[in-house]
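Let me begin by presenting the structure, written as structure tokens, before commenting on it.
Here is how names work: the chains are called A, B, and so on, in the same order as the sequence lines, proteins then strands, and each is numbered from 1. Side chains included, hydrogens not; waters and symmetry mates left out as well; all remaining heavy atoms used.
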Protein chains: 2
Amino acid sequence: MVREYNVAILGATGAVGRRMIDQLAKSTIPVKSVKLLASSRSAGMVLKFRDQDLVVEETTPESFDGVDLVLSSAGGAVSKKFLPEAVKRGAVCVDNTSAFRMEPDVPLVVPEVNSDALKDHHGIIANPNCSTIQMVMALEPIRRKFGLKQIIVSTYQAASGAGQVAIDELKKEAQDYLDGKDMQADAQILPTKGDKKHYPLAFNLLPQIDVLEDSGYSHEEWKMIHETKKIMLNDMNAKDIKVTATCVRVPVPIAHGESVYFTVEDESATTQDIMDAVANFPGVVLEDDIKHQIYPQPINAAGKRETFVGRIRPDYENPGAFNMWIVADNLLKGAAWNTVENAEYLVKMNLI
Amino acid sequence: MVREYNVAILGATGAVGRRMIDQLAKSTIPVKSVKLLASSRSAGMVLKFRDQDLVVEETTPESFDGVDLVLSSAGGAVSKKFLPEAVKRGAVCVDNTSAFRMEPDVPLVVPEVNSDALKDHHGIIANPNCSTIQMVMALEPIRRKFGLKQIIVSTYQAASGAGQVAIDELKKEAQDYLDGKDMQADAQILPTKGDKKHYPLAFNLLPQIDVLEDSGYSHEEWKMIHETKKIMLNDMNAKDIKVTATCVRVPVPIAHGESVYFTVEDESATTQDIMDAVANFPGVVLEDDIKHQIYPQPINAAGKRETFVGRIRPDYENPGAFNMWIVADNLLKGAAWNTVENAEYLVKMNLI
């Protein structure tokens, strides 16, 4: 008989949580029961899992009694408080927050890239940051075939990285702008909720995602640098691949863009070689036909699980160096789908 | 007695042309008369220069009789047709189109960077592409003090680079999106008028500016590479500075953003040294105070002549390498103001 799992979704009412419910419904995981957990504010809300109506419950340590699998996206503080309680009760947790990502004994996993790391879990698996996930999806096939020396990335990140409230804020600002009204009063969340000043994103660009640190880098940029190293090299400070990042929020609701410059060890690699490697990697779709103006766009990637890659071309002045353009749905592959996919792998690999 | 100039503005009714009228009005150029020229379609329109009402005239070769200075922004074909006629009649032309930029005997000038090149003019001076201008403004002070080896740029370009029609298209798409309507029918111009397919820009990203060429690069990317070399090194194919570019259109009406990674020859240069060099360059404003969330934003740069630079920080893994973020009004410093400024320099340098 197939084993079936009791699943809890922590942070079920948010933009990512709702997509976790949907991705779980579409997944290969045999589900016995689903429990939707959130803060007291959202308790009592009714959400659908497949054709079942489920009432959202307030999270307590006892919520995890009898739970086999936790999918979590309720913010770092909530994960830190409740996931150890869930593990204590025998559950395995896939956490979409940054709470545990840099813990040495917590695997940080994009299944297509480093599913082997799941074997070393101690109850918690961390889902990487959205912008990191889509970048390593596009670069891992290249690293495996030709080796990677350096990554320089500039991001074009969607508002939804800051939650549904940021999408709503963007839309309100956009309407006010079109109506000739001032947008400043609408800016309550972005660039980042925890910071002092807030700026409009509609018809604007904000070169700040998460807080700006003494190093000069934003915390989002720090994540892209160190998570990439941990995922690809199993060491957040590895020097084998050099990584630097500039993260910019753009007035797009869903799906991040990334302009990535990279250098490979094997300088005999041609543009066609790079395209072939990318096209054959699971979960990646090559959209690169410039004669027909085919390249990844957020409005096409939104709602899809795949990572889309295009505009691959060499830096003609630097052998072994290339540019490319990556787009993926930050709420799906960047969050909800990668979380559920990690759980699918845990099931398939008998690690739960 | 101060010499006064008869000025003609070719393409006076466009987004750049109207700003040329305004920038000329605010300039130090002693103006005797202004003639507004356009196509027959726009002839008869009345526009203001200072407090004068001027009637737009249809352009003919004879329009340039008695004209000392031509400011031109009516498209490459119009410049190719009429500017030689203007030169034949004794006028000096500053041309904002790409028609003559790569001609060996045509100076390509950003006055703060290479005003000396104006001395070699033969009647036509070319204004560089908008995205190139703001990048060389930020990099030239660094090149002068520390030498430049490599530039890797990713752009975040505003709709107005494709004219007022593209701004109107962006706004119409945005309103339709907010009203829950399909945007595809609104897409008539972008990514580029001359190409077959058109895609919505509102709430989206388009990694194509101008046509895509067999090299894999867009023509806009080609311009950034070769114009930068011509301006900084006086040779469009110079190898002393390696340049590569990825150009992306973003849903912003006015002011381009640029994420620039660069390496300097003098690896002893500190972040503070780079900031000081940038801050002391004419026409550049350093907006780099991350403790107070101060960095360049399009909504602040729109309407200003200056180039704004911030987020300067080292690539900690590569000595002599830095990231920075540049924003400027593509219609002013990127077009109308740089054109008028070139004319101001021509007057000051007695080259007209």
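Chain A forms the most heavy-atom pairs under 4.5 Å with one residue out of Ile290(B), Val252(B), Thr246(B), Asn204(B), and that residue is Asn204(B). Between chain A and the options Ala202(B), Ala158(B), Ser215(B), heavy-atom pairs under 4.5 Å are most frequent for Ser215(B). Chain B forms the most heavy-atom pairs under 4.5 Å with one residue out of Ile312(A), Ile152(A), Val250(A), and that residue is Ile152(A).
Using a 4.5 Å cut-off between heavy atoms, Pro296(B) touches chain A through its backbone atoms (N, CA, C, O) alone. For Thr271(B), no part sits under 4.5 Å from any heavy atom of chain A, backbone or side chain. Within the 4.5 angstrom heavy-atom criterion, only side-chain atoms of Glu221(B), from C-beta onward, approach chain A. Contact of Leu201(A) with chain B is not made at all, since no heavy-atom distance falls under 4.5 Å. Residue contact with chain A, scored on non-hydrogen atoms closer than 4.5 Å, is absent for Ile167(B). Thr192(B) does not touch chain A: none of its heavy atoms, backbone or side chain, sits under 4.5 Å away.
Applying the side chain to side chain donor-acceptor pair (under 3.5 Å) criterion to Glu213(A), with sequence neighbours excluded, gives His219(A). Partners of Asp168(B) under the side-chain contact (heavy atoms from CB on, under 4.5 Å) rule, at least two apart in sequence or in another chain, are Gln164(B).
Between the side chain of Tyr261(B) and the main chain of Ala245(A), no donor-acceptor pair closer than 3.5 Å is present. With hydrogens and angles ignored, the 3.5 Å screen pairs a side-chain donor or acceptor of Lys197(B) with a backbone N or O of His292(A).
To the nearest 0.5 Å, atom OH of residue Tyr177(A) and atom CG of residue Leu178(B) are 13.0 Å apart. To the nearest 0.5 angstrom, Leu212(B) atom CG is 11.0 Å from Ile294(A) atom CD1.
Donor-acceptor pairing under 3.5 Å is recorded for the side chains of Tyr295(B) and Gln208(A).
The shortest heavy-atom contact between Gln293(B) and Pro191(A) is NE2-CG, 3.7 Å. Ser154(B) and Tyr156(A) get closest at one heavy-atom pair: CB-OH, 3.5 Å. Annotation for Trp325(A) and Pro207(B): closest pair NE1-CG, 3.3 Å, computed over non-hydrogen atoms.
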- Evaluate side-chain contact (heavy atoms from CB on, under 4.5 Å) for Leu205(A) paired with Val327(B), printing each intermediate quantity in order. CA-CA 10 Å; Leu205(A) 301 166; Val327(B) 177; 5.7 Å; no
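For residues 315-323 of chain B, a heavy-atom distance under 4.5 Å to chain A picks out Asp315(B), Tyr316(B), Glu317(B), Asn318(B), Asn323(B), given by residue number. Inspection of non-hydrogen atoms places Pro253(A), Gly257(A), Ser259(A) of residues 253-260 of chain A under 4.5 Å from chain B.
For Lys193(A), the NZ atom is loosely surrounded, since the number of other residues' heavy atoms within 6.0 Å does not exceed 12. By the neighbour-count criterion of 12 heavy atoms within 6.0 Å, atom CG of Asn234(B) is sparsely surrounded, having that number or fewer from other residues, nucleotides or ligands.
Within the 4.5 Å cutoff, the side chain of Thr244(B) has no heavy atoms near those of the Arg313(A) side chain. Under the 4.5 Å side-chain criterion, counting only non-hydrogen atoms from C-beta, Lys291(B) is in contact with Asp214(A).
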